[in-house]
Amino acid sequence: MSEHLTIVDHPLVQHKLTLMRDKGTSTAVFRQLLREITLLLAYEVTREIPLTTRHIETPMEEMDAPILAGKKMALVSILRAGNGMLDGVLELVPSARVGFVGLYRDEETLKPVQYYFKAPESLKDRLVIAVDPMLATGNSSAAAIDLLKEAGATDIRFLCLLAAPEGVARMKEAHPDVHIVTAALDRELNSKGYIMPGLGDAGDRMFGTK
Ligand SMILES: O=P(O)(O)OC[C@H]1O[C@H](OP(=O)(O)OP(=O)(O)O)[C@H](O)[C@@H]1O
Ligand SMILES: O=c1cc[nH]c(=O)[nH]1
Ligand SMILES: [Mg+2]
């Protein structure tokens, strides 16, 4: 993947995203929609992953057929809202290994506070897909990717639902090698670091905590 940012403008993604943005959408429906959109985004983020061939026999004849190359990919959820995207990717890539980075954003400073880290082994040999629905200031995702690189990851993609221009710029500066896939690039951040027009606090809407 060469460009830094891909916006997935598929009509089904855009339709479902509108339903998610709507403040009248229930927690249960919000969670279900995020899972459905993530499956479609996962199709995009896994484009151009390397293939090799396996010699097989169809009922008709032998052939060298394409199959994914290398070690199983690692999927890393940035807690807690990232967990809402895990199932969608796992539906498409069921053999992926799964890791977790626990971070929350201090509401005053907008800096990430880390509370957990657990990654699959041999990260350096795997394609790593980090997931978090919201890329706002980019402080959380940049910090999560710092930790993944410290743990050995070299081939990392970032999958989110909504991005702000400020977060994309921050990621491009901190991690120019990390390709971002998102369903939408919104207008801006407000004075409290929330994405506008956005969808509010993804974790709270997903888990019903506010
Ligand atoms: O780009 P940033 O400005 O860092 O903001 C984005 C972060 O904020 C949200 O998490 P939050 O801190 O609300 O934690 P939660 O997932 O536990 O709700 C979101 O899921 C991102 O991790
Ligand atoms: O708009 C935002 C910004 C950060 N985190 C969220 O969940 N929503
Ligand atoms: Mg939150």
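By convention here, the first residue in the shown sequence is residue 1. Note that ligands are numbered from 1 as they come in the structure, with each ligand's atoms numbered from 1 the same way.
Applying the side-chain contact (heavy atoms from CB on, under 4.5 Å) test between L161 and each of L34, I195, L33, T182 identifies L34 as the sole match. Exactly one residue among K149, K172, H4 makes a side chain to side chain donor-acceptor pair (under 3.5 Å) with D177. That residue is K149. When the options L127, T6, V178 are evaluated for a side-chain contact (heavy atoms from CB on, under 4.5 Å) with R157, the one that passes is L127.
The shell of residues lying under 4.0 angstrom from ligand 2, judged by heavy atoms, excludes R205.
Counting only non-hydrogen atoms, the option in E107, M196, M134 that gets closest to atom 5 (N) of ligand 2 is M134. The option with the heavy atom closest to atom 8 (N) of ligand 2, from among A164, A136, G200, is G200.
The ligand atoms of ligand 1 that sit less than 4.0 angstrom from a heavy atom of D201 are 13 (O), 18 (O). Near N139, meaning under 4.0 Å from any of its heavy atoms, are these atoms of ligand 1: 1 (O), 4 (O). Interface atoms of ligand 2 facing A202, defined by a heavy-atom separation under 4.0 Å, are 6 (C), 7 (O). Which parts of ligand 1 touch M134 is read off a 4.0 Å heavy-atom cut-off, strictly below it: atoms 6 (C), 19 (C), 21 (C).
Geometrically, ligand 1 and D204 share no nitrogen or oxygen pair separated by less than 3.5 Å. Below 3.5 Å of separation, one finds no N or O of L135 facing any N or O of ligand 1. Considering backbone and side-chain N/O atoms, G138 comes within less than 3.5 Å of an N/O atom of ligand 1. Ligand 1 has no nitrogen or oxygen under 3.5 angstrom from a nitrogen or oxygen of Y104. Between G193 and ligand 2, not a single N/O pair is under 3.5 Å apart.
Taking a 6.0 Å sphere around CD of E121, one finds it holds 12 or fewer heavy atoms contributed by other residues, nucleotides or ligands. Within a 6.0 Å sphere centred on OH of Y43, other residues, nucleotides and ligands contribute 12 heavy atoms or fewer. The number of heavy-atom neighbours closer than 6.0 Å to CZ of R187, taken from other residues, nucleotides and ligands shown, is above 12. Counting heavy-atom neighbours within 6.0 Å of Y104 OH, excluding the residue itself, gives a total of 12 or less.
For T137, heavy-atom contacts with ligand 1 shorter than 4.0 Å involve the backbone as well as the side chain. Contacts of L79 with ligand 1, taken as heavy-atom pairs under 4.0 Å, involve the backbone alone.
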Start with the C-alpha distance between T209 and R80, add both sets of side-chain angles, then the distance that settles side chain to side chain donor-acceptor pair (under 3.5 Å), and finish with yes or no. CA-CA 12 Å; T209 38; R80 40 186 187 150; 3.2 Å; yes
